[in-house]
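Structure first, then comments.
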Amino acid sequence: MKIIRGNKKTRFAGLMILLAVVLLIQACGLKAGERTVSAGNAAKPETGAAAAKDGTAASGGKGTVPAVLNYGYIGTSKLNFPGGAEGWGLYKGIIQEELKKYGITEVKLTAFPNGPDLSESLISGRLDFGSLGDTPAMLSRSTGAKTRLITQASTSSIGYLIAKKNGPKTLEDLKGKTVATQKGSFHHRYLAGLLKEQNIKDVKIVHMLRVDSEAALARGEIDAMTNTDVFALAQIDQGYTLLDDATKHPNLLGTSATVVSEEYLKKNADFPKIWNEARLKALNDLKTKPDEYYAFLAQLNNSTPELMKKVQPISNIKDVPFTDEGLKLMEGTKQFLVEEKLAEKDFDLKQWVLK
């Protein structure tokens, strides 16, 4: 068989076409659950640094700031934005406008069903930073994940324990029963802490995501499940039994955690300050537009503004990165995870916090 070989120019042209096709495919390869929000034409960084040819901006001699910021959060919706000041700021473009002053011209948002999944993406380098519950963030840190905590946006996440219809009526009725929760998440910490506090043993705990748990509870395949926010209230309205909620146990309230990878901090050491200032600007804006904000939350959660006011009041959003109350709650949660051997090893919370 005779092989016809093209000349060098032909082969070179072919390679260039192939390369162009690969780059086009990569550019279009946005994964499901992701959204890209652009800040428009990048303004010159306030530090006076100029944009580099490779899409990064100089960072005061400390390396380069990537033009694209990869942010993960918990929750899925048609809008594909998180809630809180972070979500509002990204939804309205307030945060993007602030970030572009420092050379960040695009924010890529990725939604996750739970914290452990987000943590895995952060560890793998797919994300630069993310917002999740304190429990999965600390469990990840306990395994040696190179992250730093830069914000505790809220300190009053309420866990609910919901039983199936015509099922358990009290916590004591759970003995010998099956309860679903999202293992490694705030849900799990609330459930484990509650059962220990009430000295209830012989309970089978299984891992299920919220949507799967709700379906299993409706079919009677499990006896109870953990839930939060409007999803728990909806179940109660439908006739499911409320066995307990964390408002009765302040020490079991959850807090949020925004963590950034140490690798990203090498490229943008000023990021914690930049992010928290942008977040605060977004918070101040939503406080002037409460009705619009609650309507936004209702869209995110497929609920009503009235219900969102009950479960996610603006007053719960912190206007500072950290509070003594929040850090105390987090320290208590960490010690519980270590004592119950849910965490791989202990670590110094103060050394994890980056103020």
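For the numbers below, each heavy atom of this structure counts, side chains included, while hydrogens, waters and symmetry mates do not.
Residues Trp275 and Tyr102 place their aromatic rings such that the two centres sit no closer than 6.0 Å. Taking the six-membered ring for Trp, Phe129 and Tyr264 have ring centres at least 6.0 Å apart. Residues Tyr73 and Phe112 keep their aromatic ring centres 6.0 Å or farther apart. In this structure, Phe81 has its ring center at least 6.0 angstrom away from the ring center of Trp88.
Residues Tyr240 and Ile236 share a hydrophobic cluster, clusters being chains of Ile/Leu/Val/Met/Phe/Trp/Tyr side chains in contact below 4.5 Å. The cluster map of Ile, Leu, Val, Met, Phe, Trp and Tyr, joined by side-chain heavy atoms under 4.5 Å apart, puts Phe231 and Tyr160 in the same cluster. Residue Leu69 is grouped with residue Leu354 when hydrophobic side chains (ILVMFWY) are merged at heavy-atom distances under 4.5 angstrom, including chains of intermediate members. One hydrophobic cluster, built from ILVMFWY side chains closer than 4.5 Å, cannot hold both Leu233 and Tyr190; they sit in different ones.
Using cut-offs of 30° and 60° on the angle between ring planes, the pair Trp352 and Phe347 is perpendicular.
Shown are Ile150, Ile317, Ile94, Thr258; of these, the side chain to side chain contact (heavy atoms under 4.5 Å, CB included) with Arg279 is made only by Ile317. Of the candidates Glu197, Gln198, Lys196, Ile200 forms a side chain to side chain contact (heavy atoms under 4.5 Å, CB included) with just one, namely Gln198.
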**Q.** Audit row: Glu263, Lys146, salt bridge (Lys or Arg N to Asp or Glu O under 4.0 Å) steps and yes/no
**A.** CA-CA 8 Å; Glu263 190 62 32; Lys146 297 185 180 301; over 6 Å; no
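Of the charged side-chain nitrogens involved, at least one lies within less than 4.0 Å of a carboxylate oxygen, so that Glu97 and Lys100 count as a salt-bridged pair. In summary, Glu98 and Lys281 engage in a salt bridge, as defined by a charged side-chain N under 4.0 Å from a carboxylate O. Salt-bridge annotation for Glu262 and Lys266: absent, with no side-chain N of the basic residue lying under 4.0 Å from a carboxylate O of the acidic one. Note on Lys318 versus Glu325: salt bridge recorded, some NZ/NE/NH1/NH2 to OD/OE distance being below 4.0 Å. Using a 4.0 Å cut-off between charged side-chain N and carboxylate O, Glu306 and Lys310 make no salt bridge. Salt-bridge formation is not detected for the pair Asp202/Lys175: no Lys NZ or Arg NE/NH1/NH2 atom is positioned less than 4.0 Å from an Asp or Glu carboxylate oxygen.
A heavy-atom distance below 4.5 Å is not found between the side chains of His188 and Asn114.
Of the possible donor and acceptor atoms, one in the side chain of Gln152 sits under 3.5 Å from a partner among the backbone N and O of Gly326.
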